[in-house]
Amino acid sequence: MLPWIYGFTWQTGNVIFLSIFYCVVAVIFGSFGIAVIRAYRDLTSGRLNEIRWHVDFDDLPEFAKTCRHVFSGEIEYQVCRNGFDCRSCKTHSGIIGVHMGANASYTGNESPSGLTIQSDCMYHRGHTWVHRESDRTLTIGLDPLAERLLWSRGKAELPEVGSRLHVNGAGWYFRNGGSRVRVLSPVDGEVVAVGGRDEGFYLKVNPGDDSDLRHLLKGTEVYPWMTREIERLEILLGADGDGINLADGGVLLDDVAASYPELNWENILAQMLLES
Amino acid sequence: MSHTISRRDWLKLVGGSAIGFVFTPIPWKILDESAKWTQSSSFPYGRHREAHLQSDGRISFRYTTCTLCPMACGVRVRCAADGGRGSLEAVGMTGTPGHPIGGGSLCAMGLAGHFLRYHPDRVGNPVKRTIDKRRFAPVPYDEAISNVVLAISASGNGSVAILDSHPDRTISYVYRDFLGKLKNGIYVIPPSCDSMPTTVTDRSLNTGGLEFGYDLINSRTIVSFGTPILDGWGTQGQFGSISEARRHRGQDKLRLIQIEPIHSRTAQLADEWIPVRPGTEYAFALAMAHVMVHEKLCDIDRLRRDSKDFDGLAGNSFVRLIERFSPKCVAEMTGIPADRIAAAAKETVTRRPSVVVFGGNPASGPFRPEEQAAFMGLNILLGSIGTRGGLVARRELPGPFPASHGSDNPGHLAVKTQLADVPDGSIGVLIIDGADSGSIVPWQAIQRKLSADRHLVVSLTSYLAGNSVNADYILPSPAYLEMSGDVPTPPSAPFASYSLASRVFPGPATAVSPLDFVKRTSAALSVRLGYRYQSYDMESLLRKRAEKIFSRGIGRVFNAETGENEKLTALSLSQFWNMLSGGGCWIDEVPAKLPTTRFAFLDSESRTPVNITSPKRADSGEIALMPVGTRGIGTAAQSNPIMSKLNRESDLRMPAGTVSLNPVTGEAAGLKDGVKARVLTTAGSMTVKVRFDRSAMPGTILAAVGDLTGGSERTNGETQDSILQICKIENDSTWRITNAAIEPA
Amino acid sequence: MPFGKFVSLMIPWTILLLIGMYAIFLCLTKGLNQTNMDNRFAFGVWIFLDLSVIALGAGAFFTGFLVYIMKRDELRAVINSAVVLGFICYSGAILILMVDVGQPLRAWFTFWHPNIHSMLTEVTFCITCYLAVLSVEYAPLVLKNKKLKEIPAFLAMEYELHRIMPVLAGVGTFLSFFHQGSLGGLFGVLQAHPFAFREGLAIWPTTFFLFIISAAAAGPSFILLTTWIVSRISRKRLVSESVYTLLARISGSIPLVYVLLKSIDTFTWLNRTVPQMGLSGMSFFLWAPFNIWILFVEIIVFGLIPSLLLIFGGGRLRAGWLVASAALVCCGILLNRFVMTIQTLSLPTMAFDRFMLYTPSWQEISAFLFVVAYGVIIYSLSFRYLRLFPQETELDRN
Amino acid sequence: MSAKRAKYGMVIDVDRCTGCGACMIACAAENNVPPGPADSTDRTGITLMRIYRADNGKDFPENESVFFPVSCQQCDHHPPCVSVCPQNAVEVDAATGIVAQIPVRCLGCRYCMAACPYHARYFNWWDPVWPEGMERELNPDVSLRMRGVVEKCNLCFHRLQTAREKAAAEGRAEIIAGEYVPACVEACPAAAITFGDLLDEESEVHRLSQRGESFRLLERLGTGPKVYYTSEREWVRALAEKDPASTPGRTAATD
């Protein structure tokens, strides 16, 4: 085994065999060690939110990861590989360069399945809307789909005023007993005010100097996205036409969860809110 | 900048040290050392390691004589001093190199003899059979003796018998003296495959008590009727010589013709195996005689002159008898073609010196008297009586007492009685000596001699083995290597010999020697033993006997230490004694002169021809059940735990409870190899394991006899069924063949 | 599945597990006399188990190889399941090996005084290393559990472990190639047993290579089989049809190659290797119950037929047929392992030798079933609490 | 110590062997092999020397048999057990050619047993247990093997050590032929086993091994056993290489 252990010989075969063995052991433990060190660094450097989103995003089914440009019909098929962060996406910047005007022209309000899409709001894929206020702060709220899903899901746990949010980090939570649902933060910035369901918004955020909101959906992208999301929800609910009906006369029920208590809502909510 | 050491720094230090530590030789050395430790430590295995002898390395050799059977092999005991206990322990056994009887080798039993002191079946204290007859309970020695004495005094109409499987020892003379002093004492010798009792030789040869042995080594042709010549029969030295003589000696190469139905080890290895049907050996012998007489291959005139009943007489004569046993006729009986019978006869007679051996095997016992007469007749025809390479008479080995020379002296010593000659139901008190003859005797054969209403059986054995398990009292005697004794001439040996079985190790205090038993019993009975030896110990008696041998001034003496032989006359008495007690051996080299006697072919009293019904043929549904076993079967030496190597851990020996059948016979009975089956006889039935052996004669069942080898966890007193229990014991106390049936269990 | 039903399904397996633990306890404390192995059957049903589960667990390395090295992303759908199966198989095998050796406390001597010429050394080194690899691969699956993930350290660890996965997959593939081969070599080098002995290519007997290929064949089949069984029991769609079809194609084509090579090897052995030893190849098949049928079944029934079904029926046949074929392929590999271990040892080597069979004792069987129960339980727990099939949620719509 | 290279081996004359078992017992007693417990069988017992009965395959009454004492055959050329042992627990002594098991390093994987064509290796299925007191009679020259390890014949190597020590004490560099014999050889009452240095051309064992009647078991495997057998019987010699399938197989002794 080792040169000073009884029975060791310097025969070629022996040396080759043991060298390979030690290499393998070194690779296994080395890479494991590297993983440990990296994890430690991740913990200390506060990259945790980023990682959490990365992990969550990684596990999303491809269906849920469809590129926004597929919704707008600009490309045929594309699965997002960038964690829905279009700000650093090459595909996005490339496409935007060509079709810049398309989104801007959209003004109308539409309501798929009775869900009203506000034309002055930008939508995040985590089912939040962002409205830029006149004082440059951003108001954040749940989109109608999420609002209906979370209708009876307990209390919102909102961050303290003054804390910082990161795009795709945890925005706030809904806690219901032991389970907790995370709502993604759509923007970077400092929380300046908190609201609630009754206030019509949840957070007000000061994005600071350079607020880049390119990653949010707006205009014509929103409708197909929302349609797709409803479809996704139907799949999750196992809707097959004979049992569960999401819509009552084409309009989504106000409190979907309460209507189907037998389903694993924890899982469905996690899926819908991009928390795998 | 703070100089305080934070917890973090500590962790760093510890972690760093741990990593650095791995790159020092220390952990690896620790691993290596622990590897070595686990290689040498007994933990957690090997709980006997501590018990391993704490030898100080001093090895010494002690020489003595094996007493596990009467074959008198010289034994070299390898002894090591046990530093822990300060005692000497035997750590190995070999034959004494150059020993004239043992030839320097030992049999398997003998090689493991040193383990016998710790045999799991060893009896430590005197024990008495409990009321329920199933177990033994300890009993004080004095109480046991007084009960035995009471039984002897009360045995009004029953006799007091001592069963001695190894006669002619000094203790045998003591027994005979003691019994001779009792009005109803008889001295009984059980049958053995080795011995040729004087009852047989006297009847056929009229030699007046002379004892005979076989001079096999000088023969050119051995005709053996069922005698396991190559499987432990006779002395080890003789076996070695036979091995040599069968391979070398050119023209004089020894040929062995084995005649028996059993595909025994000897039959397998013999030059020729003649598989006669069970029970027809005598017919084969008579047919051989027929050929010899009819073809005038023997000296007819001399036979007429030397014998009483060869031919011509008005009544029955041998010639008249063998008329009926023509090869053609016997071919029918034995299943051997006539020409093969004739060829065997011719070969035997032309390749002289020839000898006919008829010991029988240790499990199946001797042949019936009539059969023995037929075999003896063949020896007479061959002119093998008293000739080199034939049946030779031994010069007498003196006993320890003054007046006992010539034939047995009825005035002083009880006569030797064969078990078969003891009337049934006549024994009131039976004392079984612990020595083994090497052959087994079924308990039923002994039991039928016991008084039906009241009897007491006392065993002077060291082990709960063999027939001792049937005793009412077991009075443990010192075990092998712990008891002083002597070993007279082996029963089948051609020359007289004498060795001492010196004590090598002290025996336990609870063991009482047979001599002490006799002394105490006789004292309690107020019987005065002869020759004032009441005050003698064994060693003095042995010395007396040695003196008497010395005074004969004949023979040579083997010195175990040097391996040399010296003429007795060249030695002083004390030198002689020292040589004997040092594991040496006195051996006579000259046969006794035969008196000019008249041979008798036929039974002298009834003058009738042999009349034996052979078992029915296999095709009639009856099968011949024949017990088989090797030397020492049923004794503690064979049930030595280490003998499991032969019986259980290999298939070298058929273990007890197993029978072997020809597949044809087995399949006809609806059996398969390895299954359990039931053997039924008139005496009962027994469940056995079946082994198919295509070498076995169809229509026979070979049944292994004896104990299953005791494992280390064997419990004391556990008895097993033996196939002998269902063998039919004939009126002449033989049990060779039993008609049986076998069926799936 | 409700918790209660899950528990009730696990109870019988837990009982088996406990009985097996007791049997293992007996074997370790009282020694191997608790088994019916003997000096002739020095290897018994446990070695058969080891060889079998390691072959079946080969799905882990082979899928890992396809996903991480060959970049067949479709198979990501089953990689987690494959890793769990591999982990179960390898840990089970090592566990039983530790019971199987007479002096388990000395097992590390193989590392300390290795004899590099021994196939068993190669096996020991490789499977221990590979178990380490599988453990590291299994860890992120566990850490990804919703509850555990809440703990930041676990989350970070999971993330980082995931990043080194291709390296581990590479090492795992390397190790697997060697130890699957060495397990074959284990018997192929036994010149004492002409039945198992094969001539060498380079330093390895042909069984070395056959075992690698057969393991690669068994792995995907076993994954196909388990995935189907689990999806039937859980009444969920776990992977998409295309994954089934791909798995079927893989588990059809590799066995086909294997059957081809195995046939060539068998013919070479029958007509060259054995005659060179002065024996007749067919004489090995004279001993009932291991007659020539065993060769026929192994190659044709469990080899050729299912692989053809899997290849050509991939798109057309019903899932039941595919699964049955995959099961046959697995049986074929098991039979091969049985033949190499049990049949090899049962055949006599010397003229005065006997053909022998042996019946495992209840302790051996219980320990065997222990591994099965252990596998079922670990897999069920993993399936319930971890995400073994990433496609599951997406496809879970009746 | 001994400068001369030796190659110890034996020639067993199977025509002489009567299967008495003395060699088996002598071996077990010499090497402190424990008696097998009550549930041991011929498949689980330890018989470093074991006698097999073989026959000519014919039925009664043409059946002939022969006894083959088989211990470790002391393969001279690539002993199969040496290369398979994962931890070098089998060693070949270069000076004597003796293949020796090192039980203290054995982990009991039993691969060597599967590799041995002669079935000459035995596993300690049980703790070595002797009846109370009997362990005091064990040979002090030989250490005990614990449960769970493999053992086999090593030609009573300890006897060679003793002989060498004796030679050294007497100022000799070499042991005298005949000073070192294994227990089985010493015990054989039929003198069927001849033991010695096969390289010594003057030795009896060399002479016998070169005879035309001498053969080795499974020579075709190329393991070069140092245990030779000799027989004048043609069918016995043929057994050594015979295809086991073509003979009806071993027969247990039934007497």
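Chain letters run A, B, ... following the sequence lines, proteins first and then strands; every chain starts at 1. Small disclaimer: the values here were computed from a predicted structure and weren't measured.
Shown here is A/Arg232, whose CZ atom has more than 12 heavy atoms of other residues, nucleotides or ligands within 6.0 Å. Taking a 6.0 Å sphere around CZ of A/Arg87, one finds it holds more than 12 heavy atoms contributed by other residues, nucleotides or ligands. In A/Arg41, the CZ atom is not crowded: 12 or fewer heavy atoms of neighbouring residues, nucleotides or ligands sit closer than 6.0 Å. Dense packing is recorded around OH of A/Tyr22, with more than 12 heavy atoms of other residues, nucleotides or ligands lying under 6.0 Å away.
Using a 4.5 Å heavy-atom cutoff, the side chains of C/Phe178 and A/Ile20 are not in contact. A 4.5 Å side-chain heavy-atom check between A/Phe17 and C/Thr121 finds at least one atom pair inside the cut-off. Using a 4.5 Å heavy-atom cutoff, the side chains of A/Val36 and C/Glu160 are not in contact.
Note: A/His54 leads A/Arg47, A/Gln11, A/His54 in heavy-atom pairs under 4.5 Å with chain C.
Residue contact with chain C, scored on non-hydrogen atoms closer than 4.5 Å, involves the side chain of A/Leu18 exclusively. Both the backbone and the side chain of A/Phe32 come within contact range of chain C, judged by heavy atoms closer than 4.5 Å. Neither the backbone nor the side chain of A/Ile37 comes within less than 4.5 Å of any heavy atom of chain C. Only the side chain of C/Glu158 comes within contact range of chain A, judged by heavy atoms closer than 4.5 Å. The part of C/Ile164 that comes within reach of chain A is its side chain, from C-beta onward, which places non-hydrogen atoms under 4.5 angstrom from that chain. C/Ile203 does not touch chain A: none of its heavy atoms, backbone or side chain, sits under 4.5 Å away.
Heavy-atom minimum distance, A/Asn14 versus C/Ile116: OD1-CG2, 3.2 Å. Contact record, C/Lys149 with A/Arg52: O-NH1, 3.5 Å, taken as the closest heavy-atom pair. The two atoms that bring A/Ile28 and C/Cys129 nearest to each other are CD1-O, 3.7 Å, heavy atoms only. The two atoms that bring C/Ala156 and A/Leu43 nearest to each other are CB-CG, 4.1 Å, heavy atoms only.
For C/Ala77, the side chain to side chain contact (heavy atoms under 4.5 Å, CB included) partners two or more places apart in sequence, or in a different chain, are C/Val239, C/Val243, C/Gln391. Under the rule for a side chain to side chain donor-acceptor pair (under 3.5 Å), C/His117 has no partner lying at least two apart in sequence or in another chain.
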